Amino acid sequence: MAEFASWWKLLILFCLLPDMSQQAALAEADYYTAGVVEFRQAISLSPTADNAAAYAKIINSENATATDIIVFPESTLNGESTSTFVPHPDEQVNPCLSDPNATYFEEFLVTISCAARNASKYVVINLTEKQKCEDVPEDTRPCASNGLNVYNTNAVFDRQGVVVSRYRKVHLYGEPKNSTYQPELITFETDFGVTFGHFICFDILFYTPAHQLAAEQGITDFVFPAMWFSQLPFLTAVQIQQGWAYSNNVNLLAAGASRPSIGNSGSGIYHGRNGTLTSVMRQDSGERTIYVAQVPKFAKSRSLQKRMKRDLGGSTSRQVATTSSYFMKRDYLENYETEVLELGSGKPGNLSRTLCQGSFCCHFNISWRFLEGTGDSSSYYSYRLGTYDGWRNEQRVDANYIRNCGLFTCSGPTIDDCGQLLPISGELQEPQVAFTRLEIGVTYPESREFLLIPQSLLDNLMPLEPSQFEWSQEKASEESYQHEVRFALKDSQEVSNLLTFAVYGNYYDNECTYGVGNEEEQVSCGYRSSATRSEVLGSGLIISVAILALTWSRN
């Protein structure tokens, strides 16, 4: 009997060896293959079942064959009427095997678990989750009359269909759902040697959990389901995805809901300072498509791996966005200090200008030339310079503090016309000028929690790539509490279809920002005493003007 037991153990080990060998090979590879899904949810009598069937079809599709991990977008699977329990990852529950008849979990959760198992892939979905209030006794907030909390939740299945991670959205965007009693910082490990953090949609604009996972835990790879409502001029979907990945120097797998008529589209895979591996901003109609790329892994030293990127389903021919092709929200630009960029008529021009709101100042150096063949019959964007130091003025959602400097388009002569797409396309919307030089310089005060992001947007709703611009963020010394930022178009580049060129300074809650508050508060934050905000930014203004003057003189 003992001999039989030993033989049986050896047989099991022998059967496991190929899988163990494959996992070791995946872990040692210098890249993994990821897919992000741009998804238009069903409008039918049974939308949840239809959406789940479409998810499973994508997971098992030929285009997804090479993927190790697939990410689906936010809020495109189920709603509150089909909210489901989601097992705690510690329980290692496999809904496909433990509940095949969907007696406890909703049927769609079982369907996706089985699809992940059958295709042998990690699958990230976003869903409406329910949980009994009695299961979280530490949460003393009032419970709903039905005894349930309802969350906006990510669930992650491993290659066997087991739920290995669960994250609940912290920063809700006007959604009638619950937030957790305490914000969650959630990660999960994979058999291909990468640990992922995850967050959802609006979370990307806040320190916790998105930036915190990168800054404090050193996470280099993220999954990001979103139903993003794009906003001009600074917060369109791919624009913010690429900028966030660039500034944090991380891999970001972003999957977007796809209905441009209400402002939803935008998916992509981004490799830190190397930029976009694949991305899409749909116009006119949504789609159900997986976009796949090989994603270089970051070494432990955080240096970039040099590898040819591979796009297996990227963007098609360039389109020009219009008010009829894409519904676009706009920022509260009337709160900005702005100035019209006077282009003149027909002749090349340049501008060197400092624009301030209070003591926060932005420094612009801009040159342009007029394009041939532009006539009076065409419709053109005009441009303004803008500076803002304050809270994002969006109602009924969590607010973040920003310090922004930017050049952006307007569809008419007033500030109310800015942040608007032109209504027409084709030959009637040809660009009037090409910018041959774009440079923004600004001194930013250090803060306990802040992120400075290069922002750009072209009229096809795609950003410039890192190969097209220069970015620097430096301190004069380790003891300095000021960051000198320069964002510029590369000398070899010119751009004629520009909507936005800006530095987006996200200060989250603005607590412990150098120069903000009284002297006692500054000292408690760890800053040297006797430095007022006006002195900080005033000295920075002199430094930045000197830097830009030197840069200008070299050219």
Side-chain angles (χ1 to χ4, degrees), residues 16-36 59 64 66-72 86-97 109 112-113 115-117 119-127 153-170 180 183-200 203 208-225 245 248-255 269-272 292-305:
L16 290 176
L17 278 175
D19 188 56
M20 294 169 61
S21 176
Q22 181 185 28
Q23 289 181 13
L26 288 170
E28 292 174 0
D30 63 357
Y31 72 95
Y32 61 92
T33 303
V36 295
I59 292 168
T67 57
D68 297 298
I69 183 170
I70 300 174
V71 184
F72 286 88
V86 177
H88 193 287
D90 289 348
E91 298 169 355
Q92 291 289 290
V93 172
N94 187 324
C96 181
L97 299 182
L109 194 77
I112 305 303
S113 170
R117 178 178 176 82
S120 188
K121 300 182 187 306
Y122 287 85
V123 175
V124 182
I125 62 172
N126 177 271
L127 51 82
T153 299
N154 287 346
V156 182
F157 302 92
D158 70 7
R159 296 184 193 271
Q160 300 303 315
V162 175
V163 176
V164 292
S165 188
R166 183 184 68 189
Y167 165 74
R168 293 157 174 168
K169 190 176 182 181
V170 174
T180 56
E184 298 178 336
L185 294 175
I186 303 296
T187 63
F188 62 95
E189 297 178 356
T190 62
D191 63 6
F192 48 91
V194 174
T195 297
F196 288 90
H198 50 148
F199 52 94
I200 301 167
D203 286 335
T208 300
H211 188 182
Q212 187 175 359
L213 285 167
E216 296 182 16
Q217 296 192 17
I219 301 300
T220 60
D221 294 72
F222 292 86
V223 294
F224 177 57
N248 283 293
N249 196 20
V250 295
N251 289 326
L252 179 67
L253 315 183
I269 301 175
Y270 311 91
H271 181 45
V292 178
Q294 291 179 341
V295 186
K297 296 178 184 177
F298 283 101
K300 292 182 179 180
S301 64
R302 299 292 278 113
S303 61
L304 291 174
Q305 300 291 320

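Counting begins at 1 with the first residue of the sequence. Worth saying up front: this structure is predicted, and the values here are computed from it rather than measured.
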| message | Would you say that Thr153 contacts Arg168 through its side chain, given a criterion of any heavy-atom pair below 4.5 Å between the two side chains? | response | yes

| message | So which atom in Pro209 and which in Phe199 form the shortest heavy-atom distance, rounded to 0.1 Å? | response | CG-CB, 4.0 Å

| task | Provide the closest heavy-atom pair for Asn251 versus Pro296 in the form atom of the first, atom of the second, distance. | result | ND2-O, 3.0 Å

| Test item: Ile186 and Arg166 side chains (from C-beta on) under 4.5 Å apart, heavy atoms | no

| field | Any side-chain heavy-atom pair of Val295 and Val194 under 4.5 Å | value | no

| Asp221 CG to His271 NE2 distance, which is reported to the nearest 0.5 Å | 9.0 Å

| Under a 4.0 Å N-O cut-off, is there an ion pair linking Asp68 with Arg159? | yes

| said: Are the side chains of Glu216 and Leu185 in contact, using a 4.5 Å heavy-atom criterion? | reply: no

| task | Count the heavy atoms of every other residue, nucleotide or ligand shown that sit under 6.0 Å from CD of Gln92, and state whether that count exceeds 12. | result | yes

| request: Examine the side chains of Ser113 and Asn94 and answer whether a donor and an acceptor come within less than 3.5 Å of each other. | output: yes

| task | Measure the CG-OG1 distance between Leu213 and Thr187 for me, rounded to the nearest 0.5 Å. | result | 7.5 Å

| note | All heavy atoms of Gly272 vs all of Asn249, minimum pair found to be CA-OD1, 3.6 Å

| said: side-chain contact (heavy atoms from CB on, under 4.5 Å), that's the test. Do Phe222 and Asn248 meet it? Break it down for me. | reply: CA-CA 11 Å; Phe222 292 86; Asn248 283 293; over 6 Å; no

| Contacts of type ring pair (Phe, Tyr, Trp, His ring centres under 6.0 Å), residue Tyr167, not counting sequence neighbours | His198

| remark: dist Ile70:CD1 -> Thr33:OG1 (nearest 0.5 Å) comes out at 11.0 Å

| field | Sub-4.5 Å side-chain heavy-atom contact between Val124 and Phe196 | value | no

| field | Any side-chain heavy-atom pair of Asp158 and Tyr122 under 4.5 Å | value | yes

| Closest approach of Ala255 to Val71 (non-hydrogen atoms, all atoms of both residues) | CB-O, 3.3 Å

| request: Would you check if Phe157 and Ile125 make a side-chain contact, meaning some heavy-atom pair closer than 4.5 Å? | output: yes

| note | Between Ala116 and Gly161 the two heavy atoms that sit nearest each other are CB-CA, 4.4 Å

| field | Backbone of Lys169 reached by a side-chain donor or acceptor of Asp203 within 3.5 Å | value | no

| query | Do Val250 and Ile219 come close enough that some side-chain heavy atom pair is under 4.5 Å? | reply | no

| field | Heavy-atom pair with the smallest gap, counting every atom of Asp191 and Leu26 | value | O-CB, 4.0 Å

| Does the pair Phe72 and Ile112 meet the rule for a side-chain contact (heavy atoms from CB on, under 4.5 Å), with working shown? | CA-CA 11 Å; Phe72 286 88; Ile112 305 303; 6.0 Å; no

| Polar side-chain atom of Lys297 near backbone of Ala27 as donor-acceptor pair, under 3.5 Å | yes

